[in-house]
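Following this message is one structure expressed as structure tokens.
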Amino acid sequence: MRGKFISFEGIDGAGKSTHIRYVADYLQQRLQAYDHQVICSREPGGTPLGEQLRDILLKQSMHLETEALLMFAVRREHIAQVIQPALERGDWVISDRFTDASFAYQGGGRHLSLDKLNQLEQWVHPDLQPDITFLFDVPLEVARARLDATRELDKFEQEKAQFFADTRNEYLRRAAQFPQRFRIIDSTRSIPEIQQELAVILDLLLQQAE
Ligand SMILES: Nc1ncnc2c1ncn2[C@@H]1O[C@H](COP(=O)(O)OP(=O)(O)O)[C@@H](O)[C@H]1O
Ligand SMILES: Cc1cn([C@H]2C[C@H](O)[C@@H](COP(=O)(O)OP(=O)(O)O)O2)c(=O)[nH]c1=O
């Protein structure tokens, strides 16, 4: 049995990282019986080379197309080294961001043509898509307040409100374009309420995998 591939998306501060551990533990408990593992990974990153490139991508400014190409270079390595082998073993993969983030940030936020992004996607993973994508959605002010309360901001997180408005809109546009794959999670609710909703969706996914 092929494993399932789950991606987590949302603008910075939406609450994505908060829920990844919950989802991973929830699935791991239920997959143990089948001897399958849950692999948690992230983009940019996920491999030794990808983590080195992450450091550069999150700190240095560069030409927009260089940024997009590097995101997809990281992804190529991540798919080859981590995602594809895990799915073939029957393991489940949770990725903190995947290609929707390139469409949202480089396409929506920075206005790189969606046509170029589509070409990169066709090149790097013509036959692979997440089975399900959780889009953690909050108004910009909520995300900003959460970020300001907690951490030092990286290159992307220091962008202006318009950047995040455009990024969020592109995420929502993609969610409308691919409704079978996306689950929009209203992340203004409390953490336990969100976990309840996630559990219902995960139970369905587990049923489908049986
Ligand atoms: N539903 C929520 N309600 C209140 N605070 C939240 C909620 N979800 C996340 N947070 C808090 O907001 C901050 C940013 O969340 P995080 O999960 O790191 O966001 P992301 O990974 O999407 O950037 C953290 O301090 C987290 O505890
Ligand atoms: C995967 C990916 C991420 N990004 C950006 C979005 C985020 O601001 C940043 C990585 O952030 P993220 O994984 O959210 O890290 P953290 O939770 O530690 O802040 O990279 C892109 O611009 N394009 C991409 O294709």
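Predicted, not measured: the structure shown is a model, and the values here were computed from it. First listed ligand is number 1; within each ligand, the first listed atom is number 1.
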Quiz item: ligand 1 and K16, any nitrogen or oxygen pair closer than 3.5 angstrom?
Solution: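 There is such a contact, yes.
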Practice problem: Fit a plane to each ring of F5 and F98, take the angle between them on a 0 to 90° scale, and name the class: parallel (under 30°), tilted (30 to 60°) or perpendicular (over 60°). | Solution: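 Answer is perpendicular, since the angle exceeds 60°.
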Quiz item: Hey, which atoms in ligand 2 end up nearer than 4.0 Å to a heavy atom of S17?
Solution: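 Answer, ordered by atom number: 17 (O).
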Quiz item: When you measure from atom 24 (C) of ligand 2 to each heavy atom in E157, E67, M71, which option holds the nearest one?
Solution: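 Considering heavy atoms of E157, E67, M71, the nearest to atom 24 (C) of ligand 2 sits in M71.
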Practice problem: Output, in order, the C-alpha distance, side-chain angles, deciding distance and verdict of side chain to side chain contact (heavy atoms under 4.5 Å, CB included) for L128 and L87. | Solution: CA-CA 11 Å; L128 176 74; L87 296 177; 4.0 Å; yes
Quiz item: Are the charged groups of K155 and D12 less than 4.0 angstrom apart, N to O?
Solution: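 Salt bridge absent between K155 and D12.
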Quiz item: Does an N or O from L147, backbone or side chain, lie closer than 3.5 Å to an N or O of ligand 1?
Solution: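 N/O-N/O distance below 3.5 Å does not exist for this pair.
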Practice problem: Flag T18 as yes when one of its N or O atoms lies below 3.5 Å from any N or O atom of ligand 1, and as no otherwise. | Solution: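 In this structure, T18 places an N or O atom under 3.5 Å from an N or O of ligand 1.
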Quiz item: To the nearest 0.1 Å, how far is atom 25 (O) of ligand 2 from its closest protein heavy atom, and which atom is that?
Solution: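 Going atom by atom, the protein heavy atom closest to atom 25 (O) of ligand 2 ends up being S102 OG, 2.6 Å.
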Quiz item: Do the rings of Y105 and F164 sit parallel, tilted or perpendicular, given the 30° and 60° boundaries?
Solution: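 Y105 and F164: perpendicular rings.
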Self-check item: Co-members of the apolar cluster containing L204 [side chain, <4.5 Å]
Solution: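 So far as hydrophobic clustering goes, L204 is joined with none.
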Quiz item: Where the closest heavy atom to atom 4 (C) of ligand 1 is concerned, which of R21, E157, R146, Q195 has it?
Solution: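 Looking at heavy atoms only, the winner is R146.
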Quiz item: Is a salt bridge present between R75 and E43, judged by a nitrogen-to-oxygen distance below 4.0 Å?
Solution: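 Result for this pair is yes, salt bridge flagged.
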Self-check item: R189-ligand 1 polar pair, N/O distance under 3.5 Å
Solution: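 Yes; the residue has a nitrogen or oxygen that sits under 3.5 Å from a nitrogen or oxygen of the ligand.
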Exercise. If you have a sec, work out which protein heavy atom is nearest atom 18 (O) of ligand 1 and how many Å separate them, to one decimal?
Key: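 Among all protein heavy atoms, the one nearest atom 18 (O) of ligand 1 is R151 NH1, 3.0 Å.
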Self-check item: Which residue and heavy atom of the protein sit nearest atom 3 (C) of ligand 2, plus the separation
Solution: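 Closest protein heavy atom to atom 3 (C) of ligand 2: P44 CD, 3.5 Å.
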Quiz prompt | Side-chain ion pair, D100 and R181, N-O less than 4.0 Å | solution =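 Here D100 pairs with R181 in a salt bridge, since their nearest N and O are under 4.0 Å apart.
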Practice problem: Check if K155 has a non-hydrogen atom at a distance under 4.0 Å from any atom of ligand 2. | Solution: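 Distance cut 4.0 Å: K155 fails for ligand 2.
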Quiz prompt | Sub-4.0 Å atoms of ligand 1 with respect to non-hydrogen atoms of D12 | solution =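 With D12 as reference, the close atoms of ligand 1 come out as 23 (O).
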Exercise. Can you spot which of V138, I201, L135, D137 makes a side-chain contact (heavy atoms from CB on, under 4.5 Å) with I185?
Key: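 Among V138, I201, L135, D137, the one that satisfies the side-chain contact (heavy atoms from CB on, under 4.5 Å) with I185 is I201.
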Practice problem: Would you mind finding which of F164, F156, F98 brings a heavy atom closest to atom 5 (C) of ligand 2? | Solution: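 Result: the heavy atom closest to atom 5 (C) of ligand 2 is in F156.
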Practice problem: Run down the list E9, R54, R42 and name the one with the heavy atom closest to atom 16 (P) of ligand 2. | Solution: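 Result: the heavy atom closest to atom 16 (P) of ligand 2 is in R54.
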Quiz item: Hey, are R2 and D131 close enough for a salt bridge, meaning a charged N less than 4.0 Å from a carboxylate O?
Solution: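 D131 and R2: salt-bridged.
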Exercise. Provide the number and element of each atom of ligand 1 under 4.0 Å from a heavy atom of I191.
Key: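 Per the distance check, 1 (N), 2 (C), 7 (C).
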Practice problem: Classify the contact between I194 and ligand 1 as side chain, backbone, both or neither, using a heavy-atom distance cut-off of under 4.0 Å. | Solution: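 Under 4.0 Å from ligand 1, I194 contributes side-chain atoms alone.
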Quiz item: If you measure only the distance, is there a donor-acceptor pair under 3.5 Å linking the side chains of E170 and Q106?
Solution: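 There is no such pair between these side chains.
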Exercise. Check the side chains of S7 and S95 for a donor-acceptor pair under 3.5 angstrom, ignoring hydrogens and angles.
Key: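 Their side chains do not contain a donor-acceptor pair, so the 3.5 Å distance test is not met.
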Exercise. State whether Y171 and R168 meet the cation-pi test: NZ (Lys) or CZ (Arg) under 6.0 Å from the six-membered ring centroid, and within 45° of the perpendicular axis.
Key: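 The answer is no; the distance or angle limit is not met.
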Practice problem: Can you sort out which atoms of ligand 1 are near S187, meaning under 4.0 Å from one of its heavy atoms? | Solution: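 Once the distances to S187 are compared, the set is 1 (N).
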Quiz item: Which residue owns the protein heavy atom closest to atom 24 (C) of ligand 1, what's the atom, and how far is it?
Solution: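 Result for atom 24 (C) of ligand 1: T150 CG2, 3.9 Å.
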Quiz item: Within less than 4.0 angstrom of ligand 1, does G13 place any heavy atom?
Solution: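 Heavy atoms of G13 do come under 4.0 Å of ligand 1.
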Exercise. Please check if any side-chain donor atom of Q158 sits under 3.5 Å from a side-chain acceptor atom of D154, or the reverse.
Key: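 The answer is no; no qualifying pair exists.
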Practice problem: Starting from atom 23 (N) of ligand 2, find the nearest protein heavy-atom neighbour and note its residue, name and distance. | Solution: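 Protein heavy atom with the smallest distance to atom 23 (N) of ligand 2: Q106 OE1, 2.8 Å.
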Self-check item: Distance from atom 11 (O) of ligand 2 to nearest protein heavy atom, with residue and atom
Solution: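 Sorting protein heavy atoms by distance from atom 11 (O) of ligand 2 puts R97 NE, 3.7 Å first.
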Quiz item: Looking only at heavy atoms, is any part of A101 under 4.0 Å from ligand 2, and if so is it the side chain, the backbone, or both, or is it neither?
Solution: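 It is both parts that get close, each with some atom under 4.0 Å.
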Quiz item: Which atoms of ligand 2 have any heavy atom of R75 under 4.0 Å away?
Solution: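 Going through ligand 2 atom by atom, the ones under 4.0 Å from R75 are 1 (C), 25 (O).
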Self-check item: Test of proximity, G15 against ligand 1: N or O pairs below 3.5 Å
Solution: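 Yes, at least one N or O pair falls under 3.5 Å.
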Exercise. Using a strict 4.0 Å cut-off to heavy atoms of E43, name the atoms of ligand 2 that fall inside it.
Key: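 Answer, ordered by atom number: 1 (C), 13 (O).
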Exercise. Just need the protein heavy atom nearest to atom 21 (O) of ligand 1, so name the residue and atom and give the distance.
Key: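 Atom 21 (O) of ligand 1 sits closest to the protein heavy atom S17 OG, 2.4 Å.
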Quiz item: According to the interplanar angle, ranging from 0 to 90°, do the rings of F182 and F178 count as parallel (below 30°), tilted (30 to 60°) or perpendicular (above 60°)?
Solution: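 Correct class here is parallel.
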Self-check item: Test item: side-chain donor near acceptor, D115 and S113, under 3.5 Å
Solution: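 Side chains of D115 and S113: no pair found under 3.5 Å.
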